[in-house]
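Below is one structure; the comments refer to it alone.
Numbering starts at 1 and runs along the sequence shown.
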Amino acid sequence: MIGIIAALLTTLSFVPQAWQVIKTKDTSGISLGMYTMFVVGVFLWMIHGFIIQDYAVIGANAVTFVLASIILTFKIKYK
């Protein structure tokens with residue numbers, strides 16, 4: 001139960017940032033290097049989840065990957 005709550009909180013913590021970036025297109029306070037490394041890391045965690053067949057790891061990282069990728073895409077597009 002603790003793992004599920006932790007996964008939900010850390011995954012959903014990207015929703016407000018993604019929403020703000022989509023709404024304002026302002027990414028000036030976001031580090032391109034940090035988000036690039038984070039998106040790659042989350043993608044690798046998702047792949048790891050597939051390898052070990054852990055659906056919680058896959059699901060949490062898939063959602064985080066999508067949200068963080070949106071932010072990264074906006075950062076690159078509206079630099």
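Note on Phe14 and Val63: same hydrophobic cluster, where clusters join Ile, Leu, Val, Met, Phe, Trp and Tyr whose side-chain heavy atoms are under 4.5 Å apart, directly or indirectly. Cluster membership check: Ile58 shares its hydrophobic cluster with Leu67, using side-chain heavy-atom separations under 4.5 Å among Ile, Leu, Val, Met, Phe, Trp and Tyr. Linking Ile, Leu, Val, Met, Phe, Trp and Tyr residues whenever their side-chain heavy atoms come within less than 4.5 Å places Ile76 and Val66 in a single cluster. Following chains of ILVMFWY side-chain contacts shorter than 4.5 Å, one cannot reach Val57 starting from Ile51, and the two form parts of different hydrophobic clusters. Cluster annotation: Phe50 and Val39 are assigned to the same hydrophobic cluster (Ile/Leu/Val/Met/Phe/Trp/Tyr, side-chain heavy-atom contacts under 4.5 Å, transitive).
The nearest pair of heavy atoms linking Ile30 to Gln17 is CD1-NE2, 3.6 Å. Nearest heavy atom pair, residue Tyr35 against residue Ala68, reads CD2-O, 3.9 Å. Here the closest non-hydrogen pair linking Thr11 and Ala7 is OG1-O, 2.7 Å. Scanning both residues, Ala56 and Asp54, for their nearest heavy atoms gives N-OD1, 3.1 Å.
Checking side-chain atoms of Ser13 against main-chain N and O of Thr10 turns up a donor-acceptor pair under 3.5 Å. Here the side chain of Lys75 pairs no donor or acceptor atom with the backbone of Leu32 at under 3.5 angstrom.
By the neighbour-count criterion of 12 heavy atoms within 6.0 Å, atom NZ of Lys25 is densely surrounded, having more than that number from other residues, nucleotides or ligands. No more than 12 heavy atoms of other residues, nucleotides or ligands sit less than 6.0 Å from atom CZ of Phe43.
The shortest distance between side-chain heavy atoms of Ile22 and Ile70 falls below 4.5 Å.
Note that the CD atom of Gln20 and the OG1 atom of Thr27 stand 11.5 Å from one another [nearest 0.5 Å].
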Q: Please lay out, stage by stage, how Leu72 and Phe38 fare under the test side chain to side chain contact (heavy atoms under 4.5 Å, CB included).
A: CA-CA 10 Å; Leu72 180 59; Phe38 185 76; over 6 Å; no
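In this structure, Tyr78 and Phe74 have tilted ring planes: the angle between them lies in the 30° to 60° band.
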